[in-house]
Amino acid sequence: MARDIYQIKSLKSLVEQGEVNSNIRDFVFNKINRGFIVCWFHNRVLFGKIQNNTFVFYYDQNPDFDKYLIKLRAFNEDEELYFWKGNDKWHYRYRKDGKGNETWEFIEAAQVMFGANSKDLGNGFCEIKEGRGISYIVPKEFLNDKSLSKNTRLFLITRNYICKDDRGNEIGQVGFVDNRFVKIELKGEYA
């Protein structure tokens, strides 16, 4: 299946990266004030919302970012802040489309997420389950006030940035150099 490569001349990305030496929560709120968050811990994955300088998770799932956190992605359709731990230090990459001084080519991919059944849990969240035992809780906005059915699934939409390797070699290899979460959405007629 062929993918479209978008060549939008006006698309520019602001990219920042480095080490994080301050509180991760404050760092996120300095960059992103609305959107969603996915946190990978040693024992679970948590989905939540970013609203008014607050992380909103389902009831008592408020995580301790100082314990067991492996990586984190805070995102909306325009930007993403990605944290990961390496050599006992936190690192980050922030990407905001529509800003900056570089033009990028990219493709968008829709990756199906596990989960064939959904249940409204109240408080703005739904539980997604798969028959093989996979279960996670997501913000209700991902489902657009609908339920999963036999022919629908949640999809993670990612933007994958393309760049030519111009380090002086003759090959001119082109490949993906970065990716970011754009949104999670319900799509129908999954086969």
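Positions are given from 1, in the same order as the sequence printed here.
- Residues Phe47 and Ile184 are in side-chain contact: their nearest non-hydrogen atoms beyond the backbone lie under 4.5 Å apart.
- The cluster map of Ile, Leu, Val, Met, Phe, Trp and Tyr, joined by side-chain heavy atoms under 4.5 Å apart, puts Tyr68 and Val45 in different clusters.
- To the nearest 0.5 Å, atoms CG (Leu154) and CD1 (Ile128) are separated by 5.0 Å.
- Linking Ile, Leu, Val, Met, Phe, Trp and Tyr residues whenever their side-chain heavy atoms come within less than 4.5 Å leaves Ile137 and Ile37 in two separate clusters.
- Note that NZ of Lys183 is 11.5 Å distant from CG of Leu156, once rounded to the nearest 0.5 Å.
- Residues Ile50 and Asn76 have side chains not in contact (no heavy-atom distance under 4.5 Å, counting atoms from C-beta outward).
- No donor-acceptor contact under 3.5 angstrom links the side chains of Arg44 and Tyr136, judged on distance only.
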Walk me through it: do Lys146 and Thr152 pass the test side-chain contact (heavy atoms from CB on, under 4.5 Å)? CA-CA 10 Å; Lys146 298 179 183 167; Thr152 60; over 6 Å; no
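- Atom CZ of residue Phe176 and atom CD1 of residue Ile162 lie 5.0 Å apart, to the nearest 0.5 angstrom.
- Scanning both residues, Ala74 and Ile32, for their nearest heavy atoms gives O-CD1, 3.2 Å.
- In this structure, NE2 in His91 is found 7.0 Å from NZ in Lys89, a value given to the nearest 0.5 Å.
- Leu46 and Trp84 fall into different hydrophobic clusters, where Ile, Leu, Val, Met, Phe, Trp and Tyr are joined by side-chain heavy atoms under 4.5 Å apart, directly or via other members.
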Under the criterion side chain to side chain donor-acceptor pair (under 3.5 Å), I'd like the reasoning laid out for Asn179 against Tyr82: C-alpha separation, chi angles, the key distance, then a yes or no. CA-CA 10 Å; Asn179 69 67; Tyr82 173 45; over 6 Å; no
Just do the side chain to side chain donor-acceptor pair (under 3.5 Å) check on Asn52 and Thr54 with the steps written out, would you? CA-CA 5 Å; Asn52 303 322; Thr54 305; over 6 Å; no
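- Two residues are said to be in side-chain contact when any heavy atoms from C-beta on lie closer than 4.5 Å; Leu81 and Tyr92 meet this criterion.
- More than 12 heavy atoms of other shown residues, nucleotides or ligands fall within 6.0 angstrom of atom CG in Asn43.
- Phe27 pairs with exactly one of Trp90, Phe83, Tyr94 by the ring pair (Phe, Tyr, Trp, His ring centres under 6.0 Å) rule, that one being Phe83.
- Side-chain contact between His42 and Ile70 is present, with heavy atoms from C-beta onward closer than 4.5 Å.
- Annotation: side chain of Phe155 is in contact with side chain of Val112 (closest heavy-atom distance under 4.5 Å).
- Val138 and Phe75 end up in the same hydrophobic cluster when Ile, Leu, Val, Met, Phe, Trp and Tyr side chains are linked at under 4.5 Å.
- Annotation: cation-pi geometry satisfied between Lys49 and Phe125 (NZ/CZ under 6.0 angstrom from ring centroid, within 45° of ring axis).
- The nearest pair of heavy atoms linking Leu143 to Ser118 is CD1-CB, 4.1 Å.
- Residues Cys126 and Leu121 share a closest heavy-atom pair of C-CD1, 4.1 Å.
- Taking CD1 of Ile107 as the start and OG1 of Thr158 as the end, the distance is 7.5 Å to the nearest 0.5 Å.
- For the side chain to side chain contact (heavy atoms under 4.5 Å, CB included) with Arg95, the qualifying choice from Arg159, Arg180, Glu79 is Arg180, the only one to do so.
- Here CZ of Phe55 is found 6.0 Å from CG of Leu72. Values are rounded to the nearest 0.5 Å.
- Taking hydrophobic clusters as Ile, Leu, Val, Met, Phe, Trp and Tyr residues chained together by side-chain heavy-atom distances below 4.5 Å, Val56 shares a cluster with Tyr58.
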Kindly indicate, with the supporting measurements, whether the criterion side-chain contact (heavy atoms from CB on, under 4.5 Å) is fulfilled by Ile157 and Glu185. CA-CA 8 Å; Ile157 310 302; Glu185 67 181 2; 3.8 Å; yes
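- Residue Leu186 comes nearest to Ser147 through the heavy atom pair CD2-O, 4.4 Å, listed as atom of the first residue, atom of the second, then distance.
- A cation-pi arrangement is found for Lys71 relative to Trp40, the charged atom lying closer than 6.0 Å to the ring centre and inside a 45° cone about the ring normal.
- A heavy-atom distance below 4.5 Å is found between the side chains of Arg93 and Arg73.
- Aromatic pair Phe36/Phe142: ring centres closer than 6.0 Å.
- Counting all heavy atoms, side chain and backbone alike, Phe57 lies closest to Cys39 at CZ-SG, 4.1 Å.
- With sequence neighbours excluded, the residues forming a salt bridge (charged side-chain N to carboxylate O under 4.0 Å, His left out) with Arg34 are Asp78, listed by chain and number.
- Nearest heavy atoms, Arg153 versus Gly115: CD-O, 3.1 Å.
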Report the C-alpha separation of Phe29 and Asn23 in whole Å, then their side-chain angles, then the decisive distance to 0.1 Å, and conclude whether the side-chain contact (heavy atoms from CB on, under 4.5 Å) test is met. CA-CA 10 Å; Phe29 299 145; Asn23 185 312; over 6 Å; no
